[in-house]
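Numbers restart at 1 for each chain; the letters A, B, ... are given by sequence-line order, proteins then strands.
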Amino acid sequence: MTKSQVAASARSGPVADADASEGETSVGTVGGYLRASVVRIRGGETGVLPVVGGLILVSVLFQSLNGHFLTAGNLVNLLVQAAVFSLLAMGEVFALLLGEIDLSIGFVAGLSAVVMAELARPTVGWPWWAAIGAALAASAVIGLVQGTMITRIGLPSFVVTLAGLLFWQGVMLWILGSGGSILIQDNTINDLASGTLTKAAGWGVMLVVVVVFAGLTWRRDAHRRASGLVAPPPALTIAKIVGALLGGVALVLLTNADRGILVPVYGLPWVLVLVFAVLAVWTYVLGRRRFGLYVYAIGGNAEAARRAGIHLPRVRTLAFMCTSLTAGIGGVVYASRLRSISTALDGGTLVLYSVAAAVIGGTSLFGGRGKALHGVLGGIVIAAIDNGMGLLGFSAAAKYVVTALVLLVAVTIDAVARRNRPAGT
Amino acid sequence: MQTMTDHDDVAPRAAAGDVPLLRLRGVSKHFGPVEALTGVDLDIPAGMVTALVGDNGAGKSSFIKCISGIYVPDSGEMWWEGSPVHVRTPSEAATLGIQTVYQDLALCDNLDIVQNMFLGRERLRRTGLDEVSMENAARETLTSLAVTTVRSVRQQVASLSGGQRQSVAIAKAVLWNSKLVIMDEPTAALGVAQTTMVLDLVRRLADRGHAVMIVSHNLNDVFQVADRIAVLRHGRMVDVRPVAQSDRQIVVDLMTSGSSTRTAGPRESEAGR
């Protein structure tokens with residue numbers, strides 16, 4: 001039977017019509033759509049709900065203990081602090097989606113920072129963009145090498161990237177040498193983390209982003225509704241767009257408020273734009289491209305993916321390259337924030353924080369479930385704990401203990417939510 | 001004893017009418033000293049459900065793997081729609097129109113129904129996946145098979161029941177214009193209601209003109225859905241006959257001893273469907 005015949009019989013059959021109309025009523029209204037969401041959440045697809053709830057809880061707690069926590073100055077500072085964690089965690093999400101882990105990304109970030117700082121030295125004299133490009137290329141090549149060992153030779157990712165953690169730390173220390181640190185004198189590189197947009201530019205960037213988001217979301221949902229597919233009702237599409245607009249306005253108002261102590265400081269930090277851009281690209285790649293779908297498929301059932309004709313080694317290696325590349329971006333931001341790079345970089349703690357951030361954000365350690373957004377939100381949670389407890393005068397020891405507890409709570413929520421799933425999964 | 005009832009016409013003809021969709025002659029396969037299949041002959045006609053039964057180790061799995069391109073037979077010939085063919089890989093089998101639904105179903109729990117059905121052969125647009133076209137095609141295939149119990153084609157497969165998962169796996173096999181669908185123990189893990197649902201689906205596939213071959217241990221299911229029963233024993237095809245000329249005792253005799261002295265009476269209690 002040809003496909004058009006199948007289609008014809010589907011349209012003419014009474015059963016088909018009954019099914020279609022039933023589908024319309026169950027998801028076509030706001031209420032129906034929300035009910036479907038509740039069913040999904042109770043079925044274990046909790047998504048970002050736990051981490052958003054956790055963020056609100058943490059904010060209320062710290063604000064009630066110290067009124068300085070929710071000030072504009074502190075919140076912007078917190079988001080900038082979170083940038084490195086969020087970037088590394090977004091990288092780790094790729095490895096976790098495959099059901100693998102990448103322990104090397106802390107020192108891959110370090111090496112990326114060292115490469116950039118070394119090449120941007122006045123005595124070497126590379127322009128800022130070339131230095132950053134070389135750093136990111138180096139990061140990606142590391143991912144290629146480690147990914148190739150994992151997928152073609154079949155070594156466990158835990159061991160290969162553990163070796164990577166040691167190896168790249170060694171290489172980093174080697175390059176830094178006896179001096180132990182490299183100062184960054186290039187203003188553009190330093191402005192990545194410390195610079196801000198003008199107030200007007202902040203509004204402009206936000207509006208462009210929201211308009212593009214609104215256009216794409218509306219066009220997509222309207223197209224799906226017109227084709228009779230599973231789609232949110234118009235009211236929900238508009239609610240999403242309004243929500244994005246409100247969030248953008250809030251962020252710009254927050255960052256445009258004067259947060260200086262001695263001199264006025266205001267404006268949207270560049271680093272937030274950078275994190276958002278990386279988030280947008282990875283969300284598109286994972287959610288809309290075939291490569292992203294294959295990453296999820298391999299994490300869900302590698303054997304099924306193999307039988308479907310997916311070239312597993314290629315997809316896996318590419319995913320490990322995405323992990324390392326994102327870590328490299330994190331390293332650039334790290335160095336830019338310190339305006340230098342030194343042997344003090346603790347890649348071991350960084351990688352553990354990035355895994356924790358991804359998991360706190362809602363990414364599963366067992367593969368197949370997670371999003372780039374989870375890494376960003378988890379990074380913000382970790383930064384919020386660090387920042388809030390710092391405000392309250394707690395020691396580093398206490399911060400580690402609390403971060404550990406939050407991580408355990410996050411994993412517990414994930415495990416309990418999954419237990420509610422139907423049998424056989 | 002009645003053997004090889006399909007041996008009416010050994011030379012394949014191009015005439016579409018009486019040429020079976022797939023004709024196998026003398027298929028043999030051994031693994032080292034172990035003879036898994038010895039000179040197996042079978043015709044698989046379109047529009048019918050052919051059940052393949054046999055005791056454990058009779059060679060059922062090896063046989064379907066030879067058809068679906070996972071194993072290459074050591075000897076034997078294969079005609080597809082009257083023309084000789086050689087199937088050396090699963091993708092060559094898929095190109096011919098042979099799809100196999102294995103017992104583990106090979107579904108990704110974390111993907112939705114549409115994504116599972118199109119896995120590995122996604123439709124693309126310039127900007128990425130063509131979700132609209134795939135979702136429409138998936139829904140059309142499901143409704144044409146009257147798989148109507150799923151809430152939404154955008155549901156994760158993890159949230160489906162066993163019968164629904166089996167249905168999705170079958171629909172996935174059908175989606176690509178397959179002509180022969182082979183199912184390995186499609187009802188092994190299912191309850192009574194789910195089994196009925198899947199067997200109804202198997203019946204509809206055959207009524208739509210697909211050739212269906214099911215491998216099953218469950219003789220209830222076999223007599224409920226099959227048109228023809230092929231019995232393997234120790235790697236040899238001991239009997240192929242229409243379900244009307246068989247009953248449960250004959251099949252058990254054939255499976256265990258390779259022959260049966262019984263003749264099926266006119267439609268006993270359990271043989272009907």
Distance-only donor-acceptor hits, side chain of residues 360-368 of chain A, under 3.5 Å, sequence neighbours excluded:
{"residue": "A/Thr363", "atom": "OG1", "partner": "A/Ala358", "partner atom": "O", "Å": "3.3"}
{"residue": "A/Thr363", "atom": "OG1", "partner": "A/His374", "partner atom": "ND1", "Å": "3.4"}
{"residue": "A/Ser364", "atom": "OG", "partner": "A/Phe366", "partner atom": "N", "Å": "3.0"}

Are the side chains of B/Leu111 and A/Asn301 in contact, using a 4.5 Å heavy-atom criterion? no
Chain B neighbours within residues 303-315 of chain A, where any heavy atom lies under 4.5 Å away: A/Ala304, A/Ala305, A/Arg307, A/Ala308, A/Ile310
Please list, chain by chain and in numerical order, all residues satisfying ring-ring contact (aromatic ring centres under 6.0 Å, His included) with B/Trp80, sequence neighbours excluded. none
Heavy-atom cut-off 4.5 Å, strictly under: side chain, backbone, both or neither for B/Asn116 against chain A? neither
CZ of B/Arg125 to CZ of A/Arg288, rounded to nearest 0.5 Å, is 9.5 Å
What residues of residues 129-136 of chain B make heavy-atom contacts with chain A at a cutoff under 4.5 angstrom? B/Leu129, B/Glu131, B/Val132, B/Glu135, B/Asn136
Toward chain A, the part of B/Ser161 with a non-hydrogen atom under 4.5 Å: neither
Looking at A/Phe291, I want to see if its CZ is surrounded by more than 12 non-hydrogen atoms of other residues, nucleotides or ligands under 6.0 Å. yes
Region of A/Tyr294 that comes under 4.5 Å of a non-hydrogen atom in chain B: side chain
Output the option from B/Gly209, B/Gly120, B/Pro90 having the highest count of non-hydrogen pairs under 4.5 Å with chain A. B/Gly120
At a 4.5 Å cut-off on heavy atoms, which part of B/Leu124 comes close to chain A: side chain, backbone, both, or neither? side chain
Can you tell me if A/Lys371 has over 12 outside heavy atoms packed within less than 6.0 Å of its NZ? no
Please determine, among B/Gln115, B/Arg154, B/Lys172, B/Gln155, the option with the most heavy-atom pairs under 4.5 Å with chain A. B/Arg154
